[in-house]
Amino acid sequence: MPSSGPDLAAPPGDLVAAIGPAARDRLGRLEGEAFLARLERVHPDVAGPLHTLYGARTDVAALVRELVGAALDAAAARPERLRVLDRRREVDPAWFQDSRTIGYACYTDRFAGTLAGVRTRLDYLAELGVTYLHLMPLLAPREGPDDGGYAVADYTSVDPRLGTMADLEDLTADLHGRGIALCVDLVLNHTAREHEWARRAAAGDPAYRDFYLVFPDRTMPDAYERTLPEVFPDTAPGSFTHVPEMGGWVWTTFNDYQWDLDYTNPAVFGAMLRTMLELANHGVDVLRLDAAPFLWKRLGTDCQNQPEAHLLVQAFRGLTRLAAPGLLFKAEAIVAPEMLVQYLGAHETYRPECDLAYHNQLMVLLWSSLATRDATLATRALSRLRPEPPSTGWITYLRCHDDIGWAVSDTDAAAVGWNGYEHRRFLAAYYAGRHPGSTARGALFQENEATGDARTSGMAATLAGFAAGDPAAVDRLETLYSVVFSFGGIPLLWMGDELALGDDPHWADDPEHAADNRWMHRPPMDWAAAARRHDPETVEGRVFGRIRALATARRGLPALRSGGSTVLLEPDDPHVLAYRRQHPRSGPLVALANFSDGWQSVDLGLLAAAGVAAPAHVHSTRGRLDLGEGRAHLPPWGFAWIATA
Ligand code: OTU
């Protein structure tokens, strides 16, 4: 870890002298003092990282003054309705950790046409108990292919097809009125090449050229590429694009129209901070930091998860908290298991970073357990993960808009006697329906001839067997989601999973999408199917009822809230995933999930050792607990949540 510089524990007197009167003057005495108290609190988390990142290049004290000034401007401009929310959240910083927090993720257009349309669908979300809505990228993208909105041309306006900034504000007001927080993507690793910064750079403005990473010839790109993996080997090979107007090779980790920003330049940091502050002031509650692992490049590495990427996020967090103390950060870091919890601030010592992070390992291991009918790898790998800091939480999920990358580590595979490479290949083949006995009907994504690596596309329903008419599919989907809802953290439903919505059969009709089969699992919402959700005779009715029941049961279970602990248990039956959830405010809860086509059982001694000596039914597939012969019995693909009587 780079050192965090000299003793920067308290804000230096000259900073307080410079900011203090202005803060009191512009924010009033109460708010001004609160701002200064926050400054005292976050200063080490801001100045330390900035010193390491920029100390060699610039006067860090002056940089901190400038950035704190930007935060003060944002604080002064913050609408009162958002300050009220901030107040509540400072009183209750654990607000997002509540077991009542339930998430839903969707594309605005595919769910409801426009932002105004989303406001007409809030009753539907309320039925599922949703309190956290993630709308996929909604800022103005480039024209033409835009990687699902991840190529932003203007951070200050909304995609005109979806509405305006005023519509976004109106939506957040409605959401807040219903106790729903809004999460929006912030694509901070790159901009579209049509963004004004990039246009100015291409026009020769040196200040903006310094926003991007440009190399005159192939020497450095070749040197970097020796250790750089390719994100989209099929459609966007390599990580550099030759751009004549830029006079060389521009760093483009993803598509050629997505130019990586150069975070060694403090001006880039400042520009992105202002973007964050503005989004917060429009009413956004959670920023999903897209591609966070990629923010810092280092020769000879894979240019992911560099220590500086963490320092950047830490500094952003401290500074945004000054103006918008209710704002949360969510890390999108789809990385190896041992790299994951650092995004929640778990370094050698805790350093506030993101409040939330996707639990990519859990997601991968759930699908792995389904394919192998065996939970031992999941048990092993999940018990090896370092626990998340208690003030943070995981986002637990089964599917999202991206492909599934088979992040099973060789170490974990070897620990259960499997070959990691072979297992990853098996999973890709299984979910593409290329394995005998598989009823999954997904597709391979970005098969890499060179490495043998392949990822998977497809909706949860497709992967769980609905498309092949597998009669076990309903129970499977429910049991997978039972883990998502009980593992600890915020469960995040991917739009349509609550209805077992299948893939978009027309995904390839759009020529801009035809080369990217992630569009399979980004279907439009099927509101006709949703209309059948209360009819138990239909598939939609069965699935919706079970997902809603999981949400309802979860809400009343403080053991499931974030900030508690999850301990993997080792049942004597390899088909069963078992864990104990506990929170200081509650007794333990044991969750069991059967990943097999037959009845399975676990010894009640396992439950007793986990603190559940007199097992009582909380929620399960069959609505009761099947006990007998000293064991808890689970039907095929069944689950049970058990507490002490
Ligand atoms: C993210 O994904 C988004 O989720 C994708 O939809 C975008 O295409 C991409 O960024 C570019 O903006 O590599 O295969 O560790 O896994 O950032 C998808 C994080 C990706 C990466 C993730 C990236």
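Ligands are counted one by one from 1 in listed order, and the atoms in each one are counted from 1 as well.
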Side chain, backbone, both or neither: which applies to [X] and ligand 1 if a contact is any heavy-atom pair less than 4.0 Å apart?
{"X": "Asn189", "answer": "neither"}
{"X": "Gln304", "answer": "neither"}
{"X": "Arg288", "answer": "side chain"}
{"X": "Asp402", "answer": "side chain"}

For [X], counting its heavy atoms only, list the atoms of ligand 1 lying under 4.0 Å from any of them.
{"X": "Pro293", "result": "15 (O)"}
{"X": "His190", "result": "11 (C), 12 (O)"}
{"X": "Arg455", "result": "14 (O)"}
{"X": "Ala291", "result": "17 (O)"}
{"X": "Asp147", "result": "7 (C), 8 (O), 9 (C), 11 (C), 12 (O)"}
{"X": "Phe232", "result": "8 (O), 14 (O)"}
{"X": "Asp403", "result": "14 (O)"}

Is a side-chain donor-acceptor pair under 3.5 Å present for [Y] with [X]?
{"X": "Thr191", "Y": "Trp197", "value": "no"}
{"X": "Asn255", "Y": "Gln258", "value": "yes"}
{"X": "Lys330", "Y": "Tyr343", "value": "no"}
{"X": "Glu196", "Y": "Tyr155", "value": "no"}
{"X": "Thr253", "Y": "Trp251", "value": "yes"}

Using side-chain heavy atoms (C-beta onward) and a distance below 4.5 Å, is Val408 in contact with Gln361?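 Val408 vs Gln361: side chains apart.
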
Top protein contact for [atom], by heavy-atom distance:
{"atom": "atom 19 (C) of ligand 1", "answer": "Ile334 N, 3.4 Å"}
{"atom": "atom 22 (C) of ligand 1", "answer": "Glu332 OE2, 3.0 Å"}
{"atom": "atom 10 (O) of ligand 1", "answer": "Asp290 OD1, 3.0 Å"}

So Asp260 and Asn189, side chain to side chain donor-acceptor pair (under 3.5 Å) or not? Walk me through it. CA-CA 6 Å; Asp260 287 47; Asn189 175 69; 3.1 Å; yes

Run the side chain to side chain donor-acceptor pair (under 3.5 Å) test on His347 and Glu353 for me, step by step, so that the C-alpha distance in whole Å, both residues' side-chain angles and the decisive distance to 0.1 Å come before the verdict. CA-CA 10 Å; His347 302 277; Glu353 194 164 324; 2.8 Å; yes

Quick one: salt bridge (Lys or Arg N to Asp or Glu O under 4.0 Å) pairs with a partner in residues 132-159, sequence neighbours left out?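 As it turns out, the salt bridge (Lys or Arg N to Asp or Glu O under 4.0 Å) pairs with a partner in residues 132-159, which skip direct neighbours, are Arg142-Glu194, Asp146-Arg161, Asp147-Arg518, Asp159-Arg161.
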
